[in-house]
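Hydrogens, waters and symmetry mates play no part in the numbers below; they use all other heavy atoms, side chains included. These numbers were taken from a predicted model, which means no experiment stands behind them. Just so you know, residue 1 is the first one in the sequence shown, and it goes up from there.
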Amino acid sequence: MWKKGLFLIGCLLLISGCAQNNIADNRKVAPTKASAQDDKEIKHKLMDLMDNLMDHHDRNIGDQRQMVNDYNTANQLGSEISQSLNQGGKMSEAQYNQLMSSLDIANSDLNIYKQGVLSLLNEIPTVESKANELQNEGTKLRATQYLAALKRATQFQVDYINNFKNLIDSYRQAYVTISQGQQPNTFQYDEYSKKEGELIDNFNKEIDEFNAAWKTLNEKDFNREVKENLSF
């Protein structure tokens, strides 16, 4: 727990009869060298913690890209099957099994990505607590604003993941229906696909915000330049 390096040395009005303005003056005492040193140590710790958060964020985006790549492979297989069906052909058992296997891979990627995102969300409060130990109000404000922006962007990824899960499931169901000799209803798939685009746009806007906050924090308080964080 953070221990203040500055004590307000005053006297209780009811006990000693000290004037109220004396107490107010004590509250305005400048930070001591000890508190400034404490802030310096906290900032070094924050840099390490925040760098770890950024590394985690970038790993999550890598997992997201792997998921999308594997889903696109499945989608390409589905498109080839649909093209054949439109030309009067049939979906073979081998084609169906290959498509289902590809969707399983994409779904496995999604679960890995989701675990990483939820893990990152769980790590943020610890860093927030450390940032709130800062005595320099400007540094504290910039640090907490950045962490709040990171949290919003990460929470958007949870919404994206949930929608992408529905997208994969609806795509799978369409071809299960085709394999049963029926005409699939693609309404839900179309809705999830449309929502995916909206979620990506919103996420990238959040990334822009926390990139700006991250850059300001590092320039003003950490005295270093940083790369931008990855987006979709």
Nearest atoms (heavy-atom pairs only) where [X] meets [Y]:
{"X": "Val117", "Y": "Gln157", "answer": "CG2-OE1, 3.7 Å"}
{"X": "Met91", "Y": "Gln95", "answer": "CA-OE1, 3.5 Å"}
{"X": "Ala153", "Y": "Ile207", "answer": "CB-CD1, 4.4 Å"}
{"X": "Ala143", "Y": "Leu217", "answer": "N-CD1, 3.8 Å"}
{"X": "Ala174", "Y": "Pro184", "answer": "O-CB, 3.5 Å"}
{"X": "Leu147", "Y": "Ala131", "answer": "CD1-CB, 4.1 Å"}

I'd like to know if [X] and [Y] make a salt bridge, using a cut-off of under 4.0 Å between side-chain N and carboxylate O.
{"X": "Arg172", "Y": "Asp104", "answer": "yes"}
{"X": "Lys43", "Y": "Asp221", "answer": "no"}
{"X": "Glu225", "Y": "Lys215", "answer": "no"}

Quick one: pull up [atom1] in [X] and [atom2] in [Y] and give me the separation to the nearest 0.5 Å.
{"X": "Asn202", "Y": "Phe156", "atom1": "CG", "atom2": "CZ", "value": "4.5 Å"}
{"X": "Thr216", "Y": "Glu219", "atom1": "OG1", "atom2": "CD", "value": "6.5 Å"}
{"X": "Asp58", "Y": "Leu53", "atom1": "CG", "atom2": "CG", "value": "11.0 Å"}
{"X": "Lys165", "Y": "Ile161", "atom1": "NZ", "atom2": "CD1", "value": "12.0 Å"}
{"X": "Asp48", "Y": "Lys130", "atom1": "CG", "atom2": "NZ", "value": "11.0 Å"}
{"X": "Asp159", "Y": "Phe164", "atom1": "CG", "atom2": "CZ", "value": "15.0 Å"}

With no hydrogens and no angle check, is any side-chain donor or acceptor of [X] less than 3.5 Å from a backbone partner on [Y]?
{"X": "Thr154", "Y": "Leu150", "result": "yes"}
{"X": "Ser101", "Y": "Gln98", "result": "no"}
{"X": "Asn86", "Y": "Ser82", "result": "yes"}
{"X": "Asn97", "Y": "Glu93", "result": "yes"}
{"X": "Tyr175", "Y": "Gly78", "result": "yes"}
{"X": "Ser84", "Y": "Glu80", "result": "no"}

*Would Leu167 and Met100 show up in the same hydrophobic cluster when neighbours are defined by side-chain heavy atoms closer than 4.5 Å?*
yes
*Given the rule that I, L, V, M, F, W and Y join up when any side-chain heavy atoms are under 4.5 Å apart, are Val127 and Leu141 in one cluster?*
no
*Where do Phe222 and Leu46 land on the side-chain contact (heavy atoms from CB on, under 4.5 Å) test, with the steps shown first?*
CA-CA 9 Å; Phe222 295 163; Leu46 272 177; 4.2 Å; yes
*Run the side-chain contact (heavy atoms from CB on, under 4.5 Å) check on Lys195 and Leu199 step by step: do they pass?*
CA-CA 6 Å; Lys195 187 176 180 180; Leu199 289 169; 4.0 Å; yes
Does a side-chain heavy-atom distance below 4.5 Å link [X] with [Y]?
{"X": "Ile178", "Y": "Gln183", "result": "no"}
{"X": "Gln155", "Y": "Glu206", "result": "no"}
{"X": "Met67", "Y": "Ile112", "result": "no"}
{"X": "Asn162", "Y": "Val158", "result": "yes"}
{"X": "Asn223", "Y": "Asn218", "result": "no"}
{"X": "Asp63", "Y": "Asp109", "result": "no"}
{"X": "Tyr71", "Y": "Leu110", "result": "no"}

Looking only at side-chain N and O atoms, does [Y] offer a donor or acceptor that is under 3.5 Å from a partner on [X]?
{"X": "Tyr113", "Y": "Gln66", "value": "no"}
{"X": "Ser193", "Y": "Tyr171", "value": "no"}
{"X": "Gln173", "Y": "Tyr189", "value": "no"}

_Whether over 12 other heavy atoms sit under 6.0 Å from Glu123 CD_ = yes
_My understanding is that only one of Gln135, Lys140, Glu133, Met47 makes a side-chain contact (heavy atoms from CB on, under 4.5 Å) with Ile42; could you say which?_
Glu133
*Carefully, step by step, assess Asp51 and Arg224 under the rule salt bridge (charged side-chain N to carboxylate O under 4.0 Å, His left out).*
CA-CA 12 Å; Asp51 285 346; Arg224 62 178 185 172; 2.8 Å; yes
_Aromatic plane relationship, Phe210 with His57 - under 30° parallel, 30 to 60° tilted, over 60° perpendicular_ = perpendicular
_Test log, rule side-chain contact (heavy atoms from CB on, under 4.5 Å), inputs Asn107 and Leu103_ = CA-CA 6 Å; Asn107 199 54; Leu103 289 173; over 6 Å; no
